[in-house]
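Accompanying notes for the structure given below.
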Number of protein chains: 2
Amino acid sequence: MNVEPSWDFYRSFITVLKQGSLSAAARELGLTQPTIGRHIDALEGAVGAQLFIRSSNGLLPTDIALDLQPYAETLATTVNAFLRTGSSRRDKVEGTVRISASEVIGIEVLPPIIADLQEAYPLLQVELSASDTLEDLMNREADIAVRMAEPQQDALLIRRIGDIPLGFHAHRRYLERHGTPQTMAELSDHRIIGFDRQTAYIRMMRRLYPAVDELAASFRTSNHLAHLAGIRAGIGIGICQTGLARPGSDLVHILADEFDIPLGTWVAMHESLKTSPRCRVTFDALVKGLLNYIKSCKETRA
Amino acid sequence: MNVEPSWDFYRSFITVLKQGSLSAAARELGLTQPTIGRHIDALEGAVGAQLFIRSSNGLLPTDIALDLQPYAETLATTVNAFLRTGSSRRDKVEGTVRISASEVIGIEVLPPIIADLQEAYPLLQVELSASDTLEDLMNREADIAVRMAEPQQDALLIRRIGDIPLGFHAHRRYLERHGTPQTMAELSDHRIIGFDRQTAYIRMMRRLYPAVDELAASFRTSNHLAHLAGIRAGIGIGICQTGLARPGSDLVHILADEFDIPLGTWVAMHESLKTSPRCRVTFDALVKGLLNYIKSCKETRA
DNA sequence: TCATCGATATACATAATTGTATGAACGTCG
DNA sequence: CGACGTTCATACAATTATGTATATCGATGA
C-alpha cells in the first residue's frame with residue numbers, strides 16, 4: 001500500500017488474461033515467464049486479492065480478474081490511441097484514424113466509403129471498430145464515431161447526416177414461396193425474424209406499431225448482422241435498411257407504405273481533433289459518403 | 001520501434017504535464033528527477049516528436065503533448081478505477097463508488113442523497129465527478145452516471161427517473177424592484193440571464209419557444225452554476241430547476257404556466273456492476289433520492 | 001506405463017533501471 | 001548586483017528488475 005504499482009503490471013495482467021498463461025504472455029510481450037509471474041504476484045499484492053488460480057496448464061482468472069478485465073482493456077486501447085496520435089505528423093494526411101460504427105453500418109455501408117477515401121489519401125490507415133455492444137463512444141478509443149443517436153456530450157463536433165430509412169424486407173425466394181404480404185395484418189401469417197434485445201429503436205417501434213411487437217418470431221437474434229443474414233437466407237421477413245435492397249441483392253422491400261421509422265444518423269468526433277488533417281479528411285469523407293448512401297436508400301425505395 | 005515503451009512512461013508524462021517540471025513530477029511519484037527525465041526522453045523517442053520544451057524553470061508542453069493529454073488522463077483515471085474495483089471486497093458494502101453527474105445536479109441535488117446513503121453504509125466512500133464538459137460517460141471512469149439524456153449504449157442498466165421541471169426564476173429582491181412579468185412577452189422588459197453554449201436542451205427550447213431566443217441577455221454564461229448564481233444574486237431572470245426554489249431560498253418561479261420544458265433524467269450503470277453490492281446500493285439510493293427530488297419539484301410548483 | 005511437452009516455481013547471474021552527487025543556467029529578491 | 005532557490009543535464013554508483021537454468025508438476029499419447 002506504500003507505493004503505486006508499476007503501470008506495466010496492467011499490461012502483463014491483460015496479456016495473461018488474453019493468453020491464458022504466463023509463458024504465452026511472456027512470449028507476446030517479449031519478456032520471460034518469471035517476470036510476468038512476478039508482475040502478477042505484485043498486482044495481487046496491490047489489490048489484496050487473488051487474480052488467477054495457478055495450475056500446471058495455465059492461469060485461470062478469478063471472478064475479480066474478470067471484473068477488472070474491462071479496465072485493463074481500456075488501458076490497452078488508450079495506450080494504442082496515445083501512440084497512434086503521438087506518432088502521426090499533424091500536418092499531413094497520414095497515420096491511423098480509428099472509426100467506430102455499428103456492425104451493420106461498419107460492414108455493409110462503410111467499406112466502399114473507406115475505399116474511396118484511401119484512394120485519395122494512400123498514406124491514410126483506417127481502423128474500423130464495428131461493434132454494437134461495446135460502443136466505445138468517444139472516450140478517445142475511437143477518433144470518429146458513426147452513431148444512430150444524437151451524441152449528448154458537448155465538446156464534440158457533430159454532424160447530422162439524416163435518416164436512414166428502415167423497412168420490412170425478405171428474400172425474393174421466400175416471397176415466391178410464401179407470397180408477399182400487402183398489409184401489416186398479413187404479417188402474422190409469415191415467418192418473422194425478431195430481435196432479442198431491447199434497444200431505443202425497438203422501444204420506439206413498439207410504441208408506434210404495437211402490432212409488430214405481438215408477432216411471433218420464428219428466428220430471433222440480438223445480433224443485427226445475424227438478423228440480416230437471416231433475411232438474406234430466406235428464413236423470413238425482417239427489418240433492415242432499405243439501402244441494402246439494391247438491385248442484384250435479391251432483397252425485396254415490402255410494406256413500404258405501411259411501416260416507416262427512420263433511423264437518425266450522426267457522425268461525431270472530438271472538437272480537438274478537427275485540427276488534425278487526417279481526422280478532418282476522414283470526417284468529411286464519412287459525412288459525404290453517408291449522405292450519398294441515404295440518397296441511394298431513398299432512390300431504391302421509389 | 002522495436003519494443004513497446006513501458007506504460008510507466010505515461011504515468012510520468014501525465015505527472016510532468018500536471019506539475020510542469022521534472023522535479024515536481026519526481027516528488028509526486030516518489031522517484032527522482034533524472035528518472036523522470038529519462039522517461040520523457042524515451043517517450044519522445046517512441047512517438048518521434050518533441051513533447052516538452054525544456055527550460056531552466058520547468059518543462060513547457062508542445063502542442064503534441066497537449067493533444068496527448070486527454071489520453072494520458074484516461075489512463076490515470078482507469079488505473080484508479082482498476083485499483084478501486086480490485087481492492088474492494090465484493091461481498092460487502094464498502095470501498096469507493098464514483099458517481100458522474102452534471103454540475104447543477106452534483107452540487108445542488110445529490111449531496112443530501114449521498115449523505116443519507118453514507119448514513120446507512122458508513123464504510124461506503126463516494127467520489128463525485130460533477131462536470132458538464134468532460135461528461136466521462138461510462139467508460140468505466142465512473143461507476144454510475146446521472147444523465148439528462150437517455151443513454152444509448154446497450155449493456156447498461158438504465159433507470160428512467162422522470163422529468164425534472166425547469167422554469168424561469170428570479171430572486172425575490174429582483175422582482176420587488178423590477179416587477180414580476182405575467183406573460184412571456186413582458187420578458188423583453190427585463191434583465192435576462194442567457195446561455196452561451198448550444199446544448200440539446202437549448203435547441204429544444206429554441207424550437208418550442210422561439211421568442212425566448214430573441215431576448216437580449218444582459219448576463220451570459222456557459223456555466224450552469226454561474227447561471228444559477230446569477231439568478232440567486234438578483235442579476236435578472238434565468239432558467240433553473242423548479243426544485244431549487246424551495247421555501248427559504250428566496251427564489252421565485254415565474255411564468256409557471258407559460259413555459260414548460262421538462263428535463264428527462266436517467267440513472268445508468270454498467271450491467272456488470274449490478275453484482276457489486278456497493279454499486280447496487282448506490283444506484284438504488286440515487287434512483288430513490290432523485291424520485292423524491294422530482295416529487296418535491298412538483299410540490300414546489302403547485 | 002513411460003516418455004514428452006507444456007505449464008509454473010525457484011535459485012542465481014546478469015543487465016537495466018534507478019538513485020546520488022554535482023555542475024550549469026535561469027529567475028527572484030533583497 | 002550578488003546570493004539564493006529553482007530548474008535541467010550529466011557521470012558514476014547502487015539497487016532493482018530481468019533473464020537463464022533447472023526442478024517439479026500434470027496432461028497427453030504411443
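Order of the sequence lines fixes the chain letters, A, B, ..., with proteins taken first and strands second; residue numbering starts at 1 for each chain.
Checked by atom type and distance alone, the side chain of E44(A) pairs as donor or acceptor with a backbone atom of F52(A) at under 3.5 Å. T221(B) contributes no side-chain N or O that, together with a main-chain N or O of H227(B), makes up a donor-acceptor pair within less than 3.5 Å.
Rounded to an integer number of Å, the gap from R11(B) CZ to dT18(C) C1' is 13 Å. In this structure, CG of L60(A) is placed 15 Å from C1' of dG26(D), rounded to the nearest angstrom. The CZ atom of F9(B) sits 12 Å away from the C1' atom of dT18(C) (whole-angstrom rounding).
With the nearest nucleotide of DNA chain C identified for both L22(A) and R38(B), L22(A) has the one nearer the 5' end.
For an aromatic pair to be called close, the ring centres must be under 6.0 Å apart, and H224(B) with F195(B) satisfies this.
Listed nucleotides: dT7(D), dT18(D), dG19(C). Nearest to the side chain of L31(B): dG19(C). Of the candidates dT20(D), dA9(D), dT8(C), dA9(D) carries the atom nearest the R54(B) side chain, counting heavy atoms from C-beta on. Nearest to the side chain of P34(B), among dT10(D), dT18(C), dT18(D), sits dT10(D).
We find the CG-OG1 distance between L75(A) and T74(B) to be 9.5 Å, quoted to the nearest 0.5 Å.
Applying the 3.5 Å distance criterion, the base of dA7(C) shares no donor-acceptor pair with the side chain of Q33(A).
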